[in-house]
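Worksheet: one structure, shown below.
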Amino acid sequence: MNSEVARRQYLEAMGIATFASRYCLPNALPTPACEWDATPPATPSHGERLHALIDDAHQAEADRRADAPPEASADPAALKALLHNDAAPSRKASPEDAAPVADAPAAPSQPLRFTLSCVCLGGRWLSLHEGEISPAQRRLLANICRAAGMDPSALSAWHTLDWPPLAGGPEPADPVAEAREGLRAFIDGAASRNDWAPTRLLWWADDDASPLAQVLGPEEDSGRIVARALAHDVWQAPSLASLLHDGSAKRALWPALQALGEQWREEAGHGRESGHG
């Protein structure tokens, strides 16, 4: 009895108003005739229940708006009075009442811009120069190598890096850190392609505050000058452009070149000994 009532309720909820057997299946018992005590209450359909929920939501929104306080006046003095619970918001606002001016947003960081020319001496000493190197400056470097006792034929092909590599790219969060990563990638790629094993940097520059100098970051460490960007010892001299036209600078550089040549020969001797070993 109870199961039949539940079945009819399910059928009615699905929109099937009447369900009765039309014929008796073979070998099946006939459907017993029943008399219902009471007709079950009608169950609202799915669509009726959905629209009832929508109407309830609209009514709740209308009630919320009706209970909301009236909008505050746009007068700054009235707004300040509401915030501070002032009893007389109609008074004229004083300069002290003015809202503090928000700090101006920080200007976006601009990428560093520089051009680096690089050549590797004997596959082990990197010679770094800011800007493009002219043919006269290349000849001067070859003469310097010869004067220091280094074979000019050790000069490998020149490589140039223009930073940033893409114009109009996104502003970097840390321009120096990003440029150092780019410089390391450039040097590592050239070393991999040309079978270099850099151990020292020859840094030819006049301006210690230039963008490229910031990227290299030469600093003193236990009596040595080390480039933070590449973690190599740094030997610094005036730029080739200034040495071309300054004879006194060339003479002043001569003792340092002699010491540089001795270091070159010492490293070359150690390399031959390790090779025989």
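What you are looking at is a predicted structure, and each value in this text was computed from that prediction instead of being measured. Note that the numbering runs from 1 along the sequence shown for the chain.
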Just verifying a value: how many Å separate [X] [atom1] and [Y] [atom2], rounded to the nearest 0.5 Å?
{"X": "Gln236", "Y": "Leu216", "atom1": "CD", "atom2": "CG", "value": "9.0 Å"}
{"X": "Leu243", "Y": "Leu141", "atom1": "CG", "atom2": "CG", "value": "10.0 Å"}
{"X": "Trp125", "Y": "Leu201", "atom1": "CH2", "atom2": "CG", "value": "11.0 Å"}
{"X": "Ile144", "Y": "Leu240", "atom1": "CD1", "atom2": "CG", "value": "5.5 Å"}
{"X": "Arg265", "Y": "Glu267", "atom1": "CZ", "atom2": "CD", "value": "12.0 Å"}
{"X": "Leu128", "Y": "Leu212", "atom1": "CG", "atom2": "CG", "value": "7.0 Å"}

Do [X] and [Y] have side chains that get closer than 4.5 Å, going by heavy atoms?
{"X": "His159", "Y": "Ile187", "answer": "no"}
{"X": "Arg113", "Y": "Pro164", "answer": "yes"}
{"X": "Asp162", "Y": "Phe114", "answer": "no"}

Taking all non-hydrogen atoms of both residues, which atom of [X] and which atom of [Y] are closest, and how far apart?
{"X": "Cys120", "Y": "Trp196", "result": "CB-CE2, 3.4 Å"}
{"X": "Ala229", "Y": "Val215", "result": "CB-O, 3.2 Å"}
{"X": "Ala213", "Y": "Ala209", "result": "CB-N, 4.3 Å"}
{"X": "Val176", "Y": "Gln214", "result": "CG1-O, 3.9 Å"}

### Task
Show your working on side-chain contact (heavy atoms from CB on, under 4.5 Å) between Glu130 and Ser239 and close with a plain yes or no.
CA-CA 8 Å; Glu130 191 160 14; Ser239 67; over 6 Å; no
### Message
Working note: Leu183 + Trp163, criterion side-chain contact (heavy atoms from CB on, under 4.5 Å); need CA distance, chi angles, decisive distance, verdict.
### Response
CA-CA 9 Å; Leu183 177 60; Trp163 189 264; over 6 Å; no
Test item: [X] side-chain N/O and [Y] main-chain N/O as donor-acceptor pair under 3.5 Å:
{"X": "Arg180", "Y": "Arg228", "result": "no"}
{"X": "Arg200", "Y": "Leu126", "result": "no"}
{"X": "Arg124", "Y": "Pro198", "result": "no"}
{"X": "Ser117", "Y": "Gly131", "result": "yes"}
{"X": "Asp246", "Y": "Ser242", "result": "no"}

### Message
Set out, in order, the CA-CA distance, both residues' side-chain angles and the distance that settles ring pair (Phe, Tyr, Trp, His ring centres under 6.0 Å) for Trp235 and Trp203, then state yes or no.
### Response
CA-CA 6 Å; Trp235 179 89; Trp203 171 228; over 10 Å; no
### Query
Given Glu132 and Thr115, is the side chain to side chain donor-acceptor pair (under 3.5 Å) satisfied, shown in steps?
CA-CA 7 Å; Glu132 296 282 353; Thr115 298; 5.5 Å; no
### Query
Within a reach of under 6.0 Å around CG of Asp207, are more than 12 heavy atoms found that belong to other residues, nucleotides or ligands?
yes
### Message
Below 30° counts as parallel, above 60° as perpendicular, anything between as tilted: where do the rings of His129 and Trp204 land?
### Response
parallel
